Amino acid sequence: MKPSLPQGTRDFSASTLRKRNFIFNTIKSTFELYGFEPLETPAVENTETLLGKYGDEGDKLIFKILNNGLDNPTKKETARADFETILEGRTNKGITERALRYDLTIPFARYVAMNQGQLTFPFKRYQMQPVWRADRPQKGRYREFYQCDADVAGSSSLLHETELALIYATVFEKLNVRVELKINNRKILTALATLCGGDDRMIPITIAIDKLDKIGLEKVKEELTTRGLNEEQVGLVESFISIKGSNEEKLHQLETMFSNIAIGLDGVNELRLILSTYENINQTTTPIIVDLSLARGLNYYTGSIFEVKAIGVQMGSIGGGGRYDNLTGLFGVNGIAGVGISFGVDRIYDVMEELNVFPENIQKGTSLLFFNTGQQEQQHILRIAQLLRSKNISCEIYHEAAKFDKQFKYAEKKSIPNIVIIGSKEIEAGTAVIKNLSSGIQKEVAQADLDKHF
RNA sequence: GAGGUUGUAGCUCAGUUGGUUAGAGCAUCUGAUUGUGGUUCAGAAGGUCGUGGGUUCGAGACCCAUCAUCCUCCCCA
């Protein structure tokens, strides 16, 4: 059979992995600087833990795992009946009891709900693991990709929003990626829905305005009309998303617009507080921008919402997050608020590759190669290599006494910067020949001092 | 779920209106080179042209199906 990879998945080789790890390490160390602690959850969750949390579209994109033992003859009739419900488009425990994790937030909520008695609140955790979506792959979209989440459970303090925004700014500055950090508040969108005829207008309105920068104002208005808004209501939405100016100017206009709607004013005040603390503290060059068309599809958000876009690259959002008032409510535990952000490592990688901003020094592998001149010498070299390794110098020995030509080419292909020759002559003299491959400079040193040269 | 793109050597790609034995560059291997590479030169190896049907005297090329791929929409990181 021909070897192949499932759609939307990738192998990562050494140079890619070093760059990816650079991103992971940057995010991880920043999370820890802010007091978040690590958590890992299984790749597989019970299907019912995940279903119904991401909307109808989301449910369709969850990878479900076929149960084992369906071919057991004694269970054949039950299996057949269960499968009928699958054909009707519903999931069934008898066929797919488990599913692959779709994001990290719901598993986190499940974990908090299960362990609420043991946790210290506010509970701050970070999690960097792959998630899977049965989506159609395309640019910046994979079926297996990593998310790096930091969430706080059990606190409604807006301090967390500010700190999470600072984490975004810090990480992207460390990665040398210029970004636009966009913020909005679901309460403002709720107020808009109220103005437009009721809370049930919330989802259609958010879905439509979220597409503003992609499809333009006219198409958004069309979509609002087909979703049942009348002319006056469409006009309201239009004047809402047309609000321009500085952050403060936008907030000011919103106050006028929602002067009679408490939840709207509430949202404006939250935004103002987060913005002022951020702007006071932030030492990076990343601006935070109020974007009223920012809506975010996931419907569990209830307060602040964030999104990060890279500047200068055509790519969907590389990070997003927000506040959800009742994180664990779906698991029967009420009263635990949450707020969190997520980094899309795979997209960040694509962006950094396109902008060519990875540092040079992260590709460091083996620092020297010992040439192999024969069995006898190999024994001697092995001892020296172990000594260097104990001093934290990475080295390898060419696996056979081949022509120098071959050994040189091996070193060059693996980008090993130095080669060391210890042949019979050198063993006798107690010396070693070091050659730097990029400069071509060669020197003879005492074997005992070898470690001092790397 | 809807629409489009592209599948030829390990990689990147040529291949004329259908016509002998399907090509190039890079990479690989061998030699020039018995302890000093990158350059150069000489040579070798590598393909059931994604798969299966069809049209034709003749198909890498045309038609149909199928699979894969990348991209767009939906939705999202």
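Naming convention: chains lettered A, B, ... in sequence-line order (proteins, then strands); numbering from 1 in each chain. Computed from a prediction, not measured in an experiment: that's the story for all the values here.
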Closest to the [X] side chain, choosing from [options]:
| X | options | result |
| --- | --- | --- |
| Q138(A) | rU30(B), rU36(B), rC74(B) | rC74(B) |
| V433(A) | rC73(B), rU36(B), rA77(B) | rU36(B) |
| Q7(A) | rU69(B), rU36(B), rC75(B) | rU69(B) |
| K403(A) | rA77(B), rA32(B), rC73(B) | rA32(B) |

Is it possible for you to check whether [X] lies under 6.0 Å from the centre of the six-membered ring of [Y], through NZ or CZ, and within 45° of that ring's axis?
| X | Y | result |
| --- | --- | --- |
| R323(A) | Y301(A) | no |
| R125(A) | F108(A) | yes |
| R178(A) | F172(A) | no |

Please give the distance between the [atom1] atoms of [N] and [M] as a whole number of Å.
| N | M | atom1 | answer |
| --- | --- | --- | --- |
| rU12(B) | rG31(B) | C1' | 28 Å |
| rA68(B) | rC29(B) | C1' | 32 Å |
| rU51(B) | rC57(B) | P | 25 Å |
| rC26(B) | rC62(B) | P | 30 Å |
| rG53(B) | rA14(B) | P | 28 Å |
| rG15(B) | rG7(B) | C1' | 15 Å |
| rG23(B) | rU8(B) | C1' | 10 Å |
| rA77(B) | rG38(B) | C1' | 43 Å |

Checking all strands, does [X] fall into the base, sugar-phosphate, or nothing category for heavy-atom contacts under 4.0 angstrom?
| X | value |
| --- | --- |
| G316(A) | nothing |
| K309(A) | nothing |
| Y146(A) | nothing |
| S424(A) | base |
| E144(A) | nothing |
| G58(A) | nothing |
| S342(A) | nothing |
| I207(A) | sugar-phosphate |

What is the distance, to the nearest angstrom, from the [atom1] atom on [X] to the [atom2] atom on [N]?
| X | N | atom1 | atom2 | result |
| --- | --- | --- | --- | --- |
| K182(A) | rA77(B) | NZ | P | 13 Å |
| F343(A) | rC76(B) | CZ | C1' | 17 Å |
| E57(A) | rC73(B) | CD | P | 15 Å |
| I106(A) | rC76(B) | CD1 | P | 14 Å |

Point to revise | Side chain proximity check, Y142(A) to P137(A), heavy atoms < 4.5 angstrom | key: no
Exercise for review: Evaluate the criterion side chain to side chain contact (heavy atoms under 4.5 Å, CB included) for residue pair F36(A) and D151(A); output intermediate values, then yes/no.
Suggested key: CA-CA 8 Å; F36(A) 288 83; D151(A) 289 83; 5.8 Å; no
Practice item. Can you sort out which residues in residues 169-181 of chain A have a heavy atom within less than 4.0 Å of RNA chain B? Ascending by number, please. Key: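 Listed by number, there are none.
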Check your understanding: Under a 4.0 Å N-O cut-off, is there an ion pair linking D103(A) with R133(A)?
Key -> no
Tell me if the side-chain of [X] makes a donor-acceptor pair with the base of [N], cut-off 3.5 Å, by modelled atom types.
| X | N | value |
| --- | --- | --- |
| E377(A) | rG35(B) | no |
| Q442(A) | rU36(B) | yes |
| R141(A) | rC75(B) | yes |

**Study point:** Modelled atom types, side-chain donor and acceptor of R383(A) and Q386(A), under 3.5 Å
**Key:** no
**Study point:** Under 4.0 angstrom between R136(A) side-chain N/O and rG3(B) OP1 or OP2
**Key:**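 It does not, given that no N or O in the side chain of R136(A) lies less than 4.0 Å from OP1 or OP2 of rG3(B).
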Check your understanding: Between K60(A) and rC74(B), does any side-chain N or O lie under 4.0 Å from OP1 or OP2?
Key ->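 Negative; the distance criterion is not met.
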Every protein N/O lying under 3.5 Å from an N/O of nucleotides 37-42 of chain B:
residue : atom : partner : partner atom : Å
rG37(B) : N7   : K435(A) : NZ           : 3.4
rG37(B) : N1   : L437(A) : O            : 3.2
rG37(B) : N2   : E412(A) : OE1          : 3.2
rG38(B) : N1   : L437(A) : O            : 3.3

Review point. Take atom CG in D56(A); do more than 12 heavy atoms of anything else shown fall under 6.0 Å from it?
Key: no
Practice item. For P137(A) and for E223(A), locate the closest nucleotide of RNA chain B by heavy-atom distance; then report the residue assigned to the nucleotide nearer the 5' terminus. Key: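 Taking each residue's closest nucleotide, the earlier one in sequence belongs to P137(A).
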Study note, to complete from the structure: Correct closest heavy-atom pair for Y126(A) and K28(A) would be OH-CE, 3.3 Å
